[in-house]
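Everything on this sheet refers to the single structure shown next.
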Amino acid sequence: MDRQQQRIAEDLSSLIAGDVRCDPVALSIYASDASLYQVPPLCIAFPRDRNDLISIARYASEMNIPMIPRGAGTGLVGDAIGSGIVIDCARYMNAFELINDKLVHVQPGVVHAQLNRYLKTQGLYFPPDPSNTEVTTLGSMLAIDAAGSRAIRVGSTRDYINRLELILADGTCFEAGNESLSILNQPSPMGSGTSLLSEPTPEVRGEYAKRTILSKLSKLLNDHAALIQEKQRSGIPNCSGYYLKGIKSRQNLNLARMLVGSEGTLALFSSALVHVSPLPAHRGVALLLFGDLASAIKAVQTIIHEQPSACDLLDRRLLSLARDADPRFASLISPAAEAALLVEQVGFSDAQVQQRLHNVILAVKNINSRVVVAMESHQSDEVDFLWSLPQKVVPSLSRLPGESRPQPFVEDIAVPPECLYEFSQKAQKVFQKHQITATLYAHAASGQIHLRPFLPALTDHNAPILETIARELYQTVFALNGTISGEHGDGLARTAFIRSQYGDLYRVFRQVKDIFDPHNLLNPGKIINDDPHVTIRNLRPVPEKFPELVELQLAWSPQELQEEASRCNGCGSCRRQDAGSRMCPVFRIAPDEEASPRAKANLFRGLLSGALHPNELSSAETKHLADTCFNCKQCQLDCPSTVNIPQMAIEAKAAYVSANGLDHTDWILSRAHSFGALGSTLSMAANWAINNTTTRWLMEKMMGIHRDRKLPFFSRRSFLRSVPKKYLKRPRPGSDPNLVIFFVDYYANYHDPELAHAMLAVLQHNQIPVYVPPQQLASGMAMVSAGDLIAARSFAQENIKILAEFAKEGHQIICTEPAAAICLKQEYPMLVPGEDSQVISEQVSEAGAFLWQLYEANRFRTDFGPLDLELDYHTPCHIKALSSRSALNSLLALIPELRVNTIEKGCSGMAGTYGLARDTFETSKQIGRELIDHMKITNVHAGVTECSSCKMQMEQESRIPTIHPLKLLALSYGLMPELGRALQPQKKKLVVS
C-alpha cells in the first residue's frame, strides 16, 4: 500500500460506517470484471447506507479522486473498473421494501433474482430480465438500462423507473423523477438573503442542485431538440450515450428516465423507486430447429407478427454446447440443427397460450416446411428448462477447446429486426475477411445481437484487430440505423465509437456530463472520452514471462496455472446466492467478492502478470481469501468454464503454510487420523470425554474444536484391526481380474467400522473378491484442504506405493468416503505427479458408482428383503463432483417397501474439519441451516447420506439418526441384522450415532 492509498484508507475508514480495503489483494480482485479489461483501483469502499455514499463523494471531491460504482462486477464492457475509489454497494446496500402492488423501493445492491423471488410470493415481478439474473444487481440494471430476452414485450429498466435518489460527485443528494419545470419560476431555495455565514441544510443544497441541473438541462434539450430527434431513433434497445429523446415535455423533464443508462458517469444511485407488474398468468415456449442460420433469421420476421413475448436465436455452436451440457438437450436437439429459435408466448389462460404458440408454429411452417418443433410446452418447470438453454450455454462458450477464445467486445449490437438478415450477411463477410469465426446469440425479436468473435489471447501486438473488426461491423450497424450498445453499456469497449454513431450529438453528451459532473470524477472515461483508442487500452495482461513466485506446491507450471486462471472470464456465475444452489456455499451466506471463486482466479492472474508482488501469495489477506474455500468442488462443477478454483485455493493456502506454518487448530484437525489409534485404544475414556461438557470446554480452548459440535464415538477396535484375515492376505499378481481394493480412510476405520464391514458384506454377497491393504494410511484430504501439502504428500506417496501395482493390473480401488475418492482421483496426481498417481486416479471409484456398474452389467444381486422405512437422502457435494448420478440412492430404490425422499437443501456446510473448528462452526451451521432445520422437523425414520461429514451436520440438532446407504443394502440383504440399531433415535447430546 503506497502513501496515497494508506491516507485514503485511514481517511475513509474514519468517515464511513462501512468497510474500506486498500491492500494489494483486494485491489487485484477488484481490478477486473467480466470484460477484457483490467485496471487496479486505488481503494474499494463498501458503504452501508446513503450517508456513507455522501461521505465518500464529498471526500473524493475534495481530494479529486475518481469514483467508480460497482454492482456484481459482471459487465462485459469494463464499465465498473477504474483507477479511483471503487464503490461496491452489493455487500451492504441490498435492502428492498414493497410499497404497494405497483411500487418497490430498492437499494442498488439488491440482486434481481432475489427481488423477484420475493415479489413472486405477492404475484408480482420486476419485468426486465438480464440473463445473469441470479447475480445482477438493481444498481447495475439502472446503470446500463438492462433489458433481456423479453424486452420486446416488457421494455427495459428505464421503463420501470419512478424516482431515483441520487448523489452528485460533490456529495449533494436529492430525489429525481419526472420533475415539473414550474419550479424554475419559483424563488431559489437558497434565498436571495441567505447569510454568507449560514450553512444551507443538505435538503436545501439538494433542491438547489436539482433546480440548477433542470435549468441547464432544459435549455440544452431545447437548443438541440432537432438533433436529438434525428440521432436518437426509437424502435430498438439502445443504451449507448445518454438518453435524451422524449424526456422533456413543455411542463416536465423526466430526470430519472434520463439518468437510467448513464453508467454511473452522472450520479451515484443510493436507492430507487421502481414499478412492478403482475406475473404473467400463463407462459408457453416452443423450441424450433432449422437446417441453416439464414432460415432461422428469416423466420423471425414472420414470428414478430404473432407478437411473441420473446424470440431468441441460437447458432450451431451454442446448440452443440447445449447437447454436451445436458442429456435432455442432447435428446431434443439434432446434431444436424444449425440454428434454433426459442419463442415464448404469454396469455390469460393455457388455452390462449397454446393457441398463440400454435399460430407461431403454423406461421413458420408456412414459409419453411422443414422446421422441426423440438419441444413445445406450457408447463412451468418445462418452460424454465427450455429457458435454461441460453442462460447456461452462452456463458460456457469459454469452455470450448483451442487457443482462440470468444472475446466480448462487439457483443451488444442492435439493429431494426427487419434488418437482421442483412446485418448477419454483412457481418459474416467481415469475419471472413479477417479469417475468424464468431458465435451468435440474439434477442431476435428486438433486433439485439450478441456476437463473440474467436480470437487468440489479446496482447499489445494483436490488440488493434479489435478496433478494426469493431469499426467495420459498426459501419454496417450505422448504415442500418442500429446501435453499438443495446443493453450492456458503453464502458471501455465501445465509448470510442459513440462519436461515430451520434456525430454532432456527442458534443451534447459532453455538455450533459459537464452539467452533472463538471470535474469528471464519476466513472471517468466511460461514455465521454477523447482517447480514440480506449478500446484497446488496459486489456488484461497476458504475461510472456513469469515473476519468481513462492514455489508452487501442486503439479502445474506458472504457465499452466496462468492458463487455468485466465479461463475464468469473470462472468460472475459463482456469485449465485439462491438457497438451492451448490455454487460456492460460503459466498451464498457471506456475499463478499473475496469469497467468490472468481476472486481466487483474479488473485493468481494478478500474481502471474506481475501486478501483485509474489510475497502477497503468502500474506494474511491471501490466506483469508483462500480460507473462504473449503474444497467442496462445486464451483468447478458449476462454473461455465470449469475453472479449477479449488486447487488454486489449495495452492494459496499452501504458500501461506509454507511461509508461516499451520495454525494450531488447523494442525490438530488436519491430523485427526493421528489420534484415531489412540482414541480407539482408549475408547472408553475418549468417548466419555467427548460427551462431557467440561472436557469439551477444555477441548475448545486447547484444540479449537467447538464445544457444541456433536462428535462421533471412537470404536473400540478399528476396522483395520478387526477385519477378517482373509481380506488382508495379499493376492498374487493377476490372480483374479475381478478383485477390488478397498480403501477405508479415517472415519470408517476409527469411528464406523460397521460401515466398512457392511461394504465387505455387500461385495462378498455379490461375489466380488476384495483385498484390504493393511498398511494403508488415511487419504490426507484434511491436510490438503488445510494447505499442509508437505504432510499430505507424504501420505499420498505411501498410499501410492501400496495401490499403484493393483491399479496397473486394472483393479478398481473402492472408497466408501466420497472425500477419499476425490482425494485419490484429483488431489494425488497434483501432489505426486507421475504415472502411478495417474493410473490410481483412473481406477478409483466411489463405492456406489462401482456397485452401479455391477447393476448395469447385470452382475448386481437384487435379492433384497423389504425394509418398511421412510428416509430422507442428502446428496453430498463430493458425490456431485464425482458423478452426475447419486448411485447408492438409485440402488436404494431397488429395496422393497423402502421409501427414500431426495431432499435438495444445498451444501451441508460441514466440509470435514471446517465444521469442527471453533472459528467456523457457526458459519458451517449457517451454510447448512436449511438441511439442519429439515432434519429437526422431518417425520422420517432416518436420514441417508454417503458422507461422514454431512452425517454429522444432519445429526447436529436432530435426534433422528443418519445412516450410510451401504448399511441399508447390507441390512436388506439380511447380512448384518445388527445394523438395525443404527436406525434408533439418538439420546446423547454431544455425540452422533
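Note that the numbering runs from 1 along the sequence shown for the chain.
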Arg499 NZ/CZ over Tyr506 ring centroid, <6.0 Å and within 45° of normal: yes

N-O pairing of Asp292 and Arg316 below 4.0 Å: no

Gln425 atom CD: more than 12 heavy-atom contacts under 6.0 Å: yes

Closest approach of Phe269 to Leu259 (non-hydrogen atoms, all atoms of both residues): CZ-O, 3.6 Å

Quick one: does any side-chain atom of Asp517 pair with a main-chain N or O of Leu521 as donor and acceptor, under 3.5 Å? yes

Lys216 with Asp514: basic N within carboxylate O range, under 4.0 Å: no

For Arg257, is there any backbone N or O sitting under 3.5 Å from a side-chain donor or acceptor partner on Asn254? yes

Could you pull out the closest heavy-atom pair between Ala272 and Leu142, with the gap in Å? CB-CD1, 3.7 Å

Would Glu338 and Arg317 pass as an ion pair if we require N to O under 4.0 Å? no

Main-chain N/O of His461 paired to Thr459 side chain as donor or acceptor, under 3.5 Å: yes

Heavy-atom donor-acceptor pair, Gln345 side chain to Leu357 backbone, under 3.5 Å: no

For Ala80 versus Asp33, what's the shortest heavy-atom pair and its separation? N-OD2, 4.0 Å

Axial cation check for Tyr502 ring with Lys231, 6.0 Å and 45° limits: no

Taking the side chain as everything from C-beta on, heavy atoms only, tell me whether Leu244 gets closer than 4.5 Å to Val508. yes

For Pro406 and Arg452, which heavy atoms make the closest approach, and how far apart are they? CB-CB, 3.9 Å

Answer yes or no: does atom CG of Asn222 have more than 12 heavy-atom neighbours from other residues, nucleotides or ligands under 6.0 Å? yes

One pair to check against side chain to side chain donor-acceptor pair (under 3.5 Å): Asp315 and Tyr441. What are the steps and the verdict? CA-CA 7 Å; Asp315 72 358; Tyr441 169 56; over 6 Å; no

Classify the side-chain pair Asp88/Tyr30 by whether it contains a donor and acceptor separated by less than 3.5 Å. yes

For residues Arg575 and Thr74, is any side-chain donor paired with an opposing acceptor at under 3.5 Å? no

We want to know whether Ser240 and Asp490 form a side-chain donor-acceptor pair, criterion being a heavy-atom distance below 3.5 angstrom. yes

Taking everything shown except Lys392 itself, do over 12 heavy atoms lie less than 6.0 Å from its NZ? no

Is the number of heavy atoms from other residues, nucleotides or ligands under 6.0 Å of Gln229 CD greater than 12? no

Minimum side-chain heavy-atom gap Ile236-Ser446 below 4.5 Å: no

Show, in sequence, the C-alpha distance, side-chain angles and deciding distance for Ile87 and Leu268, and conclude whether the side-chain contact (heavy atoms from CB on, under 4.5 Å) test is met. CA-CA 9 Å; Ile87 303 172; Leu268 304 174; 4.0 Å; yes

The reported gap from CG in Leu342 to CG in Leu314 (rounded to nearest 0.5 angstrom) is 7.0 Å

Does the side chain of His443 reach to within under 4.5 Å of the side chain of Ile152, using non-hydrogen atoms? no

Quick check against the 3.5 Å criterion: does Thr468 have a side-chain atom that pairs as donor or acceptor with the backbone of Pro464? yes

Indicate yes or no for a side-chain donor-acceptor contact from Arg323 to the backbone of Ser334 under 3.5 Å, with no hydrogens or angles considered. yes

Ignoring hydrogens and geometry, is there a side-chain-to-backbone donor-acceptor pair from Tyr37 to Thr535 under 3.5 Å? yes

So, for Leu319 and Ala339, which heavy atoms are closest and what is the spacing to 0.1 Å? CD1-C, 3.7 Å

Ignoring hydrogens and geometry, is there a side-chain-to-backbone donor-acceptor pair from Asp504 to Arg507 under 3.5 Å? no

Is it true that the side chains of Glu487 and Gln448 contain a donor and an acceptor less than 3.5 Å apart? yes

Just verifying a value: how many Å separate Arg540 CZ and Ser35 OG, rounded to the nearest 0.5 Å? 6.5 Å

Using the rule given for side chain to side chain donor-acceptor pair (under 3.5 Å), can you reason through Glu134 versus His112, listing the C-alpha separation, both sets of side-chain angles and the distance that settles it, and then say yes or no? CA-CA 7 Å; Glu134 288 293 347; His112 180 250; over 6 Å; no

Output the distance between atom CG (Leu397) and atom CG (Leu321), rounded to the nearest 0.5 Å. 5.5 Å

Are Thr157 and Asp145 linked by a side-chain donor-acceptor pair shorter than 3.5 Å? no

Pair Lys526, Asn523: side-chain N/O donor-acceptor within cut-off below 3.5 Å: yes

Salt bridge or not between Asp79 and Arg494? Use side-chain N to carboxylate O under 4.0 Å. no

Could you tell me if Tyr242 and Thr265 have a donor-acceptor pair between their side chains, going purely by distance under 3.5 Å? yes

How many angstroms lie between atom CZ of Phe509 and atom CG of Leu266, to the nearest 0.5 angstrom? 11.0 Å

Main-chain N/O of Gly491 paired with Thr495 side-chain donor or acceptor, under 3.5 Å: yes

Just one of Arg356, Arg283, Arg153 clears the salt bridge (charged side-chain N to carboxylate O under 4.0 Å, His left out) bar with Glu344, so which one? Arg283

Under 6.0 Å from the six-membered ring centre of Tyr243 and within 45° of its axis: does the NZ or CZ of Arg158 meet both? yes

Student check: side-chain heavy atoms of Leu288 and Val343 closer than 4.5 Å: yes

Kindly determine whether Asp531 and Arg537 satisfy salt bridge (Lys or Arg N to Asp or Glu O under 4.0 Å), including the steps that lead there. CA-CA 9 Å; Asp531 183 354; Arg537 311 285 190 214; 2.9 Å; yes

What's the spacing between Leu255 CG and Leu217 CG if we round to 0.5 Å? 6.5 Å

Going by heavy atoms in the side chains, are Val373 and Leu287 under 4.5 Å from each other? no

State, with a plain yes or no, whether a side-chain heavy atom of Thr439 is found less than 4.5 Å away from one of Leu451. no

Pairwise side-chain contact, Leu466 with Leu539, heavy-atom cut-off 4.5 Å (strictly under): yes

Name the orientation class of the two ring planes belonging to Phe126 and Tyr160 (parallel below 30°, tilted from 30 to 60°, perpendicular beyond 60°). perpendicular

Can you list the steps and then say if Gln501 with Thr483 is a side chain to side chain donor-acceptor pair (under 3.5 Å)? CA-CA 7 Å; Gln501 176 169 327; Thr483 178; 3.1 Å; yes

Could you grab the distance from atom CD1 of Ile484 to atom SG of Cys239, nearest 0.5 Å is fine? 9.5 Å

Taking all non-hydrogen atoms of both residues into account, name the closest pair between Val39 and Ser83 and its distance. CG1-N, 3.6 Å

Hey, are the side chains of Val154 and Ser277 touching, using non-hydrogen atoms and a 4.5 Å cut-off? no

May I ask you to check whether over 12 heavy atoms, not counting those of Gln432, lie within 6.0 Å of atom CD? yes

Examine distances only and state if a side-chain atom of Ser424 and a backbone atom of Tyr421 form a donor-acceptor pair shorter than 3.5 Å. yes

Mark yes when over 12 heavy atoms from residues, nucleotides or ligands other than His434 sit less than 6.0 Å from its NE2; otherwise mark no. yes

